[in-house]
Amino acid sequence: MTPSASPALSVPTTTIGVVGHSWRAEVTPWGALVPDAGSRLDWWVAADDRWHDPSAEQTVRQTLIDGTPVIETRVRVPQGDVVQRVYAVADHGGLTVVELENDSPLPVAVAFSRSDLLTTRPPTDVPIEGIDLPVGSIVVPIGHHATVQVALAHMSPRAGALPTGLPTPLQVARGWLSQMEQASRLVVPDESLSHRVVRERCDLVLNGVDDPTEDAIAFLLGTCEFARLGWSADDWLPDIAGVASSLAASIARRGGGPRWDEDRALLAAGQVFSLVDDARGVRDVAAVRSRLRGRSSAALQPPSGIRAVTWIEDSLARPAGEGAVLMPDGHREAWLGQSVETYGLPAPGGRAISFALRWHGDRPAVLWEVTGPLGLLLTSGCDPTWSTTAATGEALWAPPR
């Protein structure tokens with residue numbers, strides 16, 4: 001067998017790396033690692049039946065654990081899967097760990113296209129048959145229902161013994177999740193939405209904010225996410241003020257009111273000013289939003305990039321002038337009878353909304369809390385008769401129609 005030529009990276013990939021370190025790489029949908037500098041790391045599986053090339057197999061499935069940059073790729077082999085998990089850690093100057101689990105009752109071997117890997121035990125020196133591997137490849141045997149790890153050092157890659165005591169994939173995923181949920185946390189029936197929020201935030205943290213000259217809206221949304229995650233926004237404040245002012249002027253010249261993402265970008269600028277205790281900036285943004293006409297409706301499907309975070313949060317608590325509408329599009333049919341919890345959703349005036357839905361028979365009960373200045377008007381897309389300016393409380397909404 002001759003391995004397939006690695007497909008060009010015109011497919012969606014996942015960025016991995018360590019916050020505070022410059023090393024970055026992309027993981028392809030079939031589990032190949034493509035560093036920003038240095039050669040790529042491909043892999044192949046020798047099972048009981050044949051060699052399996054993940055880049056060409058129809059059985060490859062990939063997920064991100066809880067939306068984090070901990071990537072799990074499964075390749076079908078007789079009576080089970082070989083499971084690859086790729087993630088980066090800061091230990092020992094920075095490592096990308098490739099964990100391999102043989103979730104089958106038969107032994108397998110995994111070949112890697114690079115030899116400068118740290119391994120838990122020396123690679124096999126048994127001649128390999130049935131595949132023409134690239135020069136410099138190594139092969140690691142894995143017993144049935146066993147797990148092994150190899151790692152690529154970010155600085156000065158080298159062969160040798162893999163250090164012990166490294167974090168597990170689940171520990172790394174929990175660390176990312178804890179950090180990303182500082183901005184907001186969603187517990188909703190459709191887990192793909194909360195995972196998408198986490199994924200986009202991780203990508204933002206690893207890749208940085210968009211250039212404001214190329215995408216002013218993504219810049220404002222991205223800098224706001226950084227501020228919500230606890231990073232200092234001081235260096236961005238002059239740019240945020242200038243970009244928000246230019247965006248507002250552009251909307252005014254065009255007429256017809258802001259698009260949904262434009263309005264949310266202005267709201268994001270106001271939230272950054274609130275987080276740095278710039279009361280004047282908060283007032284200026286509020287004044288600009290009040291002068292512009294009502295925004296247009298949101299897109300029907302999540303957009304790409306950091307806009308997806310805003311779109312998902314907007315579908316749960318949507319700014320309406322200087323108020324906010326909970327569940328603005330009404331009840332989702334697939335969510336009827338199921339609990340919803342949200343924490344820290346952005347609201348006008350530098351506020352944040354948390355709310356939950358619980359069901360009492362056919363009626364949903366809403367519990368809410370607003371942090372920030374008092375007086376935010378809350379309304380409901382599920383029950384038009386309900387409204388409140390109370391900072392906390394609970395109420396029964398009307399049954400879904």
Side-chain angles (χ1 to χ4, degrees), residues 179-186 197 201 204 209 212 216-248 251 258 260-292 294-295 298 306-307 309-326 328 342-356 367-379 387-393:
Q179 189 173 28
M180 296 304 106
E181 289 183 342
Q182 290 183 50
S184 68
R185 183 164 70 94
L186 309 180
V197 168
R201 284 181 178 148
L204 175 72
V209 297
I217 292 171
F219 170 78
L220 293 176
L221 296 176
T223 53
C224 182
E225 287 299 309
F226 266 105
R228 294 172 70 195
L229 290 167
W231 270 271
S232 172
D234 291 347
D235 292 344
W236 284 314
L237 289 178
D239 286 335
I240 291 171
V243 172
S245 177
S246 297
L247 177 61
I251 296 168
W260 76 272
D261 56 347
E262 292 172 330
D263 184 60
R264 292 296 307 224
L266 294 174
L267 184 75
Q271 189 168 32
V272 174
F273 291 132
S274 175
L275 291 170
V276 298
D277 296 321
D278 185 340
R280 178 180 176 181
V282 174
R283 290 195 301 270
D284 288 348
V285 170
V288 167
R289 291 185 66 246
S290 67
R291 288 196 299 268
L292 298 172
R295 54 168 268 189
I306 199 62
R307 282 176 172 82
V309 174
T310 302
W311 183 90
I312 291 167
E313 291 185 331
D314 190 81
S315 71
L316 296 166
R318 181 170 299 164
E322 287 307 299
V325 186
L326 305 184
T342 72
Y343 302 89
L345 301 179
R351 301 176 177 92
I353 301 170
S354 301
F355 75 91
L367 301 86
W368 72 90
E369 179 181 14
V370 179
T371 57
L374 299 175
L376 180 72
L377 175 64
L378 293 179
T379 56
S387 65
T388 184
T389 55
T392 63

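- Taking all atoms of both residues into account, the shortest heavy-atom contact from Ala269 to Ile240 is CB-CG2, 3.9 Å.
- Of the possible polar contacts, one joining the Thr342 side chain to the Phe355 backbone as a donor-acceptor pair under 3.5 Å is found.
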For residues 344-354, which side-chain N or O atoms pair as donor and acceptor with protein atoms under 3.5 Å away, sequence neighbours left out?
residue : atom : partner : partner atom : Å
Arg351  : NE   : Pro373  : O            : 2.7
Arg351  : NH1  : Pro348  : O            : 2.9
Arg351  : NH2  : Leu374  : O            : 3.4
Ser354  : OG   : Gly344  : N            : 3.1

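- Closest non-hydrogen pair, Ile312 versus Leu186, comes out as CG2-CD1, 3.7 Å.
- In this structure, Ser246 contributes its side chain and Gly242 its backbone to a donor-acceptor pair below 3.5 Å.
- Contacts classified as side-chain hydrogen bond (donor to acceptor under 3.5 Å, both in side chains) and involving residues 220-229 (residues at least two apart or in different chains) are given here: Arg201-Glu225, Glu225-Arg228, Arg228-Glu313.
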Could you walk me through whether Ile306 and Thr310 pass the side-chain contact (heavy atoms from CB on, under 4.5 Å) test, one step at a time?
CA-CA 7 Å; Ile306 199 62; Thr310 302; 5.5 Å; no
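- Heavy atoms only, all atoms of each residue included: Arg264 and Leu221 are closest at O-CD2, 3.8 Å.
- Qualifying ring pair (Phe, Tyr, Trp, His ring centres under 6.0 Å) partners for Phe226, counting only residues two or more places apart in sequence or in other chains: Trp231, Trp236.
- With rounding to the nearest 0.5 angstrom, the CD atom of Glu262 is 11.0 Å from the CG atom of Leu220.
- Between Asp314 and Arg295, the closest heavy-atom pair is OD1-NH1, 2.8 Å.
- Interatomic distance, OG1 of Thr389 versus CG of Leu378, reported as 8.5 Å (0.5 Å rounding).
- In this structure, CZ on Arg283 lies 12.0 Å from CZ on Phe273, to the nearest 0.5 angstrom.
- A donor-acceptor pair under 3.5 Å is formed between the side chain of Trp368 and the backbone N or O of Ala390.
- Summarising the geometry of Leu266 relative to Ala244, their closest heavy-atom pair is CD2-O, 3.7 Å, with the distance given to 0.1 Å.
- Smallest separation of non-hydrogen atoms from Phe219 and Val209: CD1-CG2, 4.1 Å.
- Put simply, the side chain of Leu237 does not reach to within 4.5 Å of the side chain of Asp278, judged on heavy atoms.
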